[in-house]
Structures are given as structure tokens and as C-alpha cells.
Amino acid sequence: MKNNSLMLAQVFLMAGILSSCGGAGISSESNIRQSSVTISETPLFYYKESSSNQYYLALTNNTDQQLSLRDSSITNSSLAESIEFRNIVDTTECSEIAANGNCRLRIKLPYINNDGYFSFTINYQANDGSNIRVSKLIAYSANIPERGGLIYSQQFINSTVVNSDRFTLALPIILDRDYSALELKVGNKSERSTYNKILCDTQDAYNKDSTCTALVELDGHIADPQLSLAAIDANGLVTSYSFVTGVSYNNLPHLVYLNAPVRLGNQGTQAVTVLNIGTRVATNLSTPLVSSLALTTNSQCNNVSLDPNNGKCIIEYSSIAVTADAKLGESYQYVEYSGGA
């Protein structure tokens, strides 16, 4: 390959279940498989310096026990150590959750104008003394393109694997112009239940730079739920935005890689974090193959096992060509991963 040309490297990461739940359990309804506690599935969050960067997640208690919050912590993060859990996750509404009840977590992205991630764990105690843990990964980016009036990403939800019969999906969006109303639709039906609504940082207005979260409950058995958002301006003009989602019903490990795709210049380096956010151990891992001679790797991910709920390893990619660029693309963000205990 000639000097100064763009060199393309493909990485293949295997993934399994995208899950934000801890202990598995059975709901009070017969013949229903439902994790004990769940937090909304989410795509990549958008960060914008001129916005509040405030979003919401639904936390659902699917047990017949009242739950009391015991403790919470950040478990993995690209953030500075000075940023504490309470600075970015507000659990005020979720300190006590009634049996078969729900609450809302408020997420406040830190004012750091770059890409990043953090995962957190919340521990609850049930009335019978048992402990239930729930974990969640939040990945965010300042580089998501505008889509004709809204800014949002579909990364991480175009191939989602869930292990519950019912789950909630949180769609974070930022408004890029003023609107008079927003309406979330599932199929051809407008949904207005508790988990089929839109929450914004300014509830009385839908102004440019407002951050909103569309929360919707979905059936885990429906492979391709049809979701759309109707944005209505002051003149009554309606613009419809579609969300492409794919759902697989299973219980597997799920590997996701952060800080990708990798783009390297002359003698550059970039680290990719591989995280298991599933509910089963991921085994027999190996470093993704790279097809470009411009890259070498220093990997912690060879022949290791990653525990569920945020077990991780790191791969460092380096460019060895003095005058060439290299690009490591996201050839597959999600592929079903069949390994694990």
C-alpha cells in the first residue's frame, strides 16, 4: 500500500446479550420470564455543551417484594476519579420501590466535551432480606450527526438481546430546533402509558437544545418493534423520525467495545475497552483480527473470561507505519456470542 493512503483495518468483536439487569427472577404473573429488576436499554447518548445533558431511565421492580436501596457505585468509567456517582446518577425517586413498581433514574452527563462511558451498579435489599443487584452501562459521544431537527443515535439498539419478556427502551434525543409537541408511536398506535411517554428537561416547552428521553415498554418477543417520533412545529408541520430496533430474546454474555471505531494517524495509539454487560460469563475470548499491517496490538483479552455485569479487558492498537494512516472500523458492533458458562 502506498504511503499517505488510507489503510483500513476491520475488527470483529463477538457479542451476546445486552442486558442491564442483575439477578434473574420470575414475576408474579405465571409463565412470565422476567428479571427481578431492570433498567432501560439504551443507545449511545449524545452530549452537547449547550444542553443540560439530562436524561431519564426507567428502573422496574418485577418482584412481589418492596425494595430498599442499600448502596450504589461507579464500577467502570472513562471519567476522572473526581467525578462521583451522585454527580451523574440521581436515585432520589428510586430509594424505595414498591412491589411490582417502578421509578425513574435521572442521568446527568458530565461536562466533558468528548466521547466516554461509565457503568454503575445499584444494590437493593428486599423485604425478605435477599439482595438484588442491577447494573447499567452509559456510553456517550459529542459526535452524533443531526437528523433534520433532532440529534440521536441508534447505536447499541439496532441489535439488542434481552432476557425478559418485557423491557423498557430509553431513547435520548436533543432538539435541534423549536417544536410545539412531540409524540412517540409504537406501530400505528400512540402510546401514553407510564413507560410510553417523553420526558424533557423543560416540560413546558420543546425548545432548541432541550434534552428529552422517550421511554417505552416493549415485548421482548417482538423481533422488530416499529418505533417513531412525531415532531410538530408551531405551524403544525409534522416530521416523523424512525428508530430501527432489533430484539433477540435470550440469556447470554454480551460483549460491547468502547472507544471505537479506532482511527490512527502516524505512530498513534488507541485503547479499546471490551466490556461484558450480559448476565453470563464470557469465555474463550481472543483479540479481534486486524487486516492491516499498519497496526499492532497489546491485548489483555486473549484467553480470558469476563464476568457478567461489567467484567472488562483492554486492547491497545498502535500504528507502526511512519507515513500511513490506519482506520479500525466497526465492522460488527453486535454479533451473537455463543460462548460462556
Side-chain angles (χ1 to χ4, degrees), residues 9 11 13 15 18 20 39-57 74-80 83 87-89 105-120 136-160 169-177 200-201 208-215 227 229 241-246 254-265 268-275 277 288 310 312 314-317 327-334:
V11 111
L13 284 183
L18 175 57
S20 51
I39 297 179
S40 303
E41 305 290 345
T42 54
L44 186 68
F45 286 70
Y46 179 58
Y47 169 90
K48 188 175 183 181
E49 191 170 4
S50 59
S51 296
S52 70
N53 298 299
Q54 175 179 291
Y55 301 100
Y56 294 91
L57 303 177
I74 298 174
T75 50
N76 282 301
S77 173
S78 63
L79 303 173
I83 297 179
N87 301 137
I88 51 180
V89 183
L105 296 170
R106 185 170 64 89
I107 303 298
K108 176 76 171 180
L109 298 183
Y111 284 101
I112 302 173
N113 195 21
N114 54 21
D115 297 353
Y117 73 94
F118 59 91
S119 56
F120 61 88
K136 179 61 186 173
L137 167 70
I138 301 292
Y140 58 90
S141 174
N143 300 296
I144 298 176
E146 185 266 342
R147 297 172 182 256
L150 297 182
I151 306 174
Y152 63 91
S153 172
Q154 298 187 104
Q155 185 177 351
F156 302 160
I157 62 169
N158 49 12
S159 182
T160 300
L169 182 65
L171 302 171
I173 58 177
I174 290 185
L175 308 186
D176 204 46
R177 63 185 66 164
C200 297
D201 56 354
K208 179 180 171 65
D209 288 339
S210 292
T211 59
C212 301
T213 309
L215 285 171
L227 301 176
L229 183 71
Y241 304 86
S242 297
F243 294 87
V244 178
T245 56
H254 186 192
L255 302 185
V256 59
Y257 60 100
L258 304 169
N259 200 28
V262 175
R263 295 179 177 88
L264 296 175
T269 61
Q270 186 166 331
V272 174
T273 299
V274 182
L275 207 62
I277 57 175
N310 301 310
K312 73 173 182 178
I314 296 174
I315 308 169
E316 186 176 83
Y317 293 93
K327 177 182 177 181
L328 179 62
E330 293 175 285
S331 59
Y332 291 101
Q333 182 67 37
Y334 294 99

Partner set under side-chain contact (heavy atoms from CB on, under 4.5 Å) for [X], not counting sequence neighbours:
{"X": "Asn76", "value": "Tyr117, Ser119, Leu275, Asn310, Lys312"}
{"X": "Ser153", "value": "Leu44, Ile144, Gln155"}
{"X": "Ala214", "value": "Leu171, Leu184, Ile198"}
{"X": "Ile83", "value": "Leu79, Asn87, Ile88, Pro110, Ile112"}

Asp209 side-chain N/O to Asp176 backbone N/O, donor-acceptor pair under 3.5 Å:
no
Taking Lys48's backbone N and O only, do any of them form a donor-acceptor pair with Asn53's side chain (distance below 3.5 Å, no angle check)?
yes
Heavy atoms, side chains only, cut-off 4.5 Å: are Leu109 and Ile138 in contact?
yes
Heavy-atom side-chain proximity of Val272 to Ile314 below 4.5 angstrom:
no
Could you pull out the closest heavy-atom pair between [X] and [Y], with the gap in Å?
{"X": "Tyr241", "Y": "Gly149", "value": "OH-CA, 3.6 Å"}
{"X": "Asp115", "Y": "Ser141", "value": "OD1-OG, 2.8 Å"}
{"X": "Phe120", "Y": "Ile39", "value": "CE1-CD1, 4.1 Å"}
{"X": "Ser78", "Y": "Gly116", "value": "OG-CA, 3.3 Å"}

Between atom [atom1] of [X] and atom [atom2] of [Y], what is the distance when rounded to the nearest 0.5 Å?
{"X": "Glu41", "Y": "Leu57", "atom1": "CD", "atom2": "CG", "result": "10.5 Å"}
{"X": "Ile151", "Y": "Arg177", "atom1": "CD1", "atom2": "CZ", "result": "10.5 Å"}
{"X": "Asp201", "Y": "Cys212", "atom1": "CG", "atom2": "SG", "result": "6.5 Å"}

Thr211 side chain to Ser52 side chain, donor-acceptor N/O pair below 3.5 angstrom:
yes
Given side-chain contact (heavy atoms from CB on, under 4.5 Å), test Leu215 with Tyr55 step by step and report yes or no.
CA-CA 10 Å; Leu215 285 171; Tyr55 301 100; over 6 Å; no
Identify, with sequence neighbours excluded, every residue that meets ring pair (Phe, Tyr, Trp, His ring centres under 6.0 Å) alongside Tyr140.
none
Holding to ring pair (Phe, Tyr, Trp, His ring centres under 6.0 Å), I want the full list of residues that pass it with Phe243, two or more places apart in sequence or in another chain.
Tyr152
